Amino acid sequence: MKTNEEKPKKEEPVLDKMEKIVSLAKRRGFVYPGSEIYGGLSGTYSYGPLGVELKNNIKQLWWKKFVSTRPDVVGVDGPILLHPKLWEASGHTEGFGDAMVDCKECKKRFRADHLVEDATGKDLEGKNEEMTKVIQDEKIKCPNCKKSNWTEVKDFNMMFKTQMNGIEGDIYLRPETAGAIFVEFKNIVDSTRIKIPFGIAQIGKAFRNEIVAGNFIFRLREFEQMEIEYLIHPEADWGILFDDWIVKQEEFAMELGAKKEDLRRLEHPKEKLSHYSKKTVDIEYKFPFGFKELYGLAHRGDFDLTKHSEFSNEKLEYFDQDKNERFTPHILEPTFGVERSLLLALVAAYEEEKIGEDDERVVLRFPKKIAPVKVAVLPLSKKEELSKPTLELFGKLNEHFVSQYDDTQSIGKRYRRQDEIGTPYCVTFDFDSLEDKAVTVRDRDTMQQERINIDNLVDYLKEKLN
Ligand code: GAP
């Protein structure tokens, strides 16, 4: 193992892991606060050059695992703006939201259930009167101004409203992608030969006017979901399918880098289930701010298709030709957040590694499949006799892998920069390369270096990156 790597700058203020990740994400072009030059827009973020690659890799990995390699799942890409009746049918217009409470002193708004739970440990979600009483009786302090002067707890609908030419009344930005799947159930059944059980998958934006956004990209007002509506026969042995979906969801989280022990299942107690749901489980991940919901899985019965059928006057049934049987399928819904996946990937990958006595590096140990940059191509010196052939090599590698060319500062500093963004391989072209037509390939995780013939380089990297 070579040790030509320079020491990183030291003596930065002590930050916790989350602060370090947020800072690295901005500094290196993964995630920027939304509309920052105008003072920011809370609950929105932009994804920079590395963030967009990482996000796309996560979505592609998901699509490959759950759609393109499965004969029983098809994809759809529906609109964000959907007919307002759809949200009446699904119950969102009536009651999609959380309970909120305002501090009368500093005017800050909070989720009432979170405020009560943080202060008392009691879970009173859905019980507004009780929450109002507990907040008043126990004189819960405002987390912002520390006073205790509250409004009553009220329901707050989280859907964003907008208008559309030619349509009376409100149009909503979809608060989940699922609605756009249900409305296409009939078209999909009519236009494909897919047989039950089967899934319809979609990746897309969703919007929620969250009472309190926060924890970086954990709770956002604009985000993306990856959802599947998996349609089954009403009498199918759904327990086995349900368990299989949970395992697959956990598997996906582990493919993004999660350790098994950092995942746990939280089954919703019977009394908290929606009337139509037989079972709902949250898959939680141990984020630096505690175990929190990463993904979810719900048995939704025939609620969605029945309701949409009622409100649209369209028959939303499945006809099994072999059995000459017509029925309304039941639905299992595995749902995944894209940004929570991205946050998991950053958290799981982040490592400060001690090297030797007094040296340290920050390395993002992304699984290679999702690393935003796969290969860095580095000329040992900026001299034209090296930069010219290195740029040629860079052009060749870029056709196969997302690559970066970097010729500034020492080779050790360049390795550190690539470690910090999780690049699995650095390829260094040196003066010997002109003679022996070989380059040095350095592995991000082991820091081992190997001399590889340029003619074999693409195949070598392909094998390593697979
Ligand atoms: N169709 C079911 C549904 O939307 P959900 O639990 O409300 O269920 C599904 O959301 C997933 O979407 C969550 O598990 C989470 O990963 C993600 N998600 C939900 N709200 C979010 C928010 N405000 N910001 C970021 N991701 C969110």
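Order of listing sets the numbers, starting from 1, for every ligand and every atom in it. As the structure is a computational prediction, the values presented were derived from the model and not from experiment.
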Next on the checklist: Looking only at protein heavy atoms, which one is nearest to atom 16 (O) of ligand 1, and what is the separation?
Outcome noted: L294 O, 2.7 Å
Checklist entry - Could K205 and E224 be called an ion pair, given the rule that one side-chain N must be under 4.0 Å from one carboxylate O? => result no
Next on the checklist: Taking salt bridge (Lys or Arg N to Asp or Glu O under 4.0 Å) as the cut-off, I'd like each qualifying pair that reaches into residues 175-190, sequence neighbours left out, listed once.
Outcome noted: K186-D190
Next on the checklist: Give me the nearest non-hydrogen protein atom to atom 10 (O) of ligand 1 as residue plus atom name, then the distance to 0.1 Å.
Outcome noted: Q225 NE2, 3.3 Å
Item to check | Pair D123 + K272, salt bridge at N-O below 4.0 Å | outcome: yes
Checklist entry - What part of R221 sits under 4.0 Å from ligand 1 if we count only heavy atoms: the side chain, the backbone, both or neither? => result neither
Item to check | R340 NZ/CZ over Y285 ring centroid, <6.0 Å and within 45° of normal | outcome: no
Next on the checklist: Rounded to the nearest 0.5 Å, what separates atom NZ in K161 from atom CG in D170?
Outcome noted: 4.5 Å
Next on the checklist: Yes or no: does E227 have any heavy atom under 4.0 Å from an atom of ligand 1?
Outcome noted: yes
Checklist entry - So Y318 and F327, would you call those rings parallel, tilted or perpendicular, with 30° and 60° as cut-offs? => result tilted
Next on the checklist: Looking at non-hydrogen atoms alone, which of R174, E176, R300, R208 comes nearest to atom 7 (O) of ligand 1?
Outcome noted: R208
Checklist entry - For F160, is the NZ or CZ atom of R208 found under 6.0 angstrom from the centre of its six-membered ring and inside 45 degrees of the ring axis? => result no
Item to check | Nearest neighbour in protein (non-hydrogen) for atom 13 (C) of ligand 1 | outcome: E293 OE2, 3.2 Å
Checklist entry - For ligand 1, which atoms have a heavy atom of E333 less than 4.0 angstrom away? => result 1 (N), 2 (C)
Checklist entry - Can you list the atoms of ligand 1 that are under 4.0 Å from a heavy atom of R219? => result 23 (N), 24 (N)
Checklist entry - To which protein heavy atom is atom 25 (C) of ligand 1 closest, and what is the distance rounded to 0.1 Å? => result F218 O, 3.1 Å
Item to check | Residue pairs, two or more places apart or on separate chains, that pass side-chain hydrogen bond (donor to acceptor under 3.5 Å, both in side chains) and touch residues 76-103 | outcome: S90-H92, D98-R111, D102-R109
Checklist entry - When you measure from atom 27 (C) of ligand 1 to every protein heavy atom, which one gives the shortest distance, and what is it? => result F223 CE1, 3.4 Å
Item to check | Top protein contact for atom 24 (N) of ligand 1, by heavy-atom distance | outcome: L220 N, 2.9 Å
Item to check | Shortest protein heavy-atom distance from atom 9 (C) of ligand 1, along with the residue and atom involved | outcome: T335 OG1, 3.1 Å
Checklist entry - So which bit of D282 gets within less than 4.0 Å of ligand 1, heavy atoms only: side chain, backbone, both or neither? => result neither
Item to check | Carboxylate-amine/guanidinium proximity below 4.0 Å for K55 and E339 | outcome: yes
Checklist entry - Which residue owns the protein heavy atom closest to atom 17 (C) of ligand 1, what's the atom, and how far is it? => result G337 CA, 3.8 Å
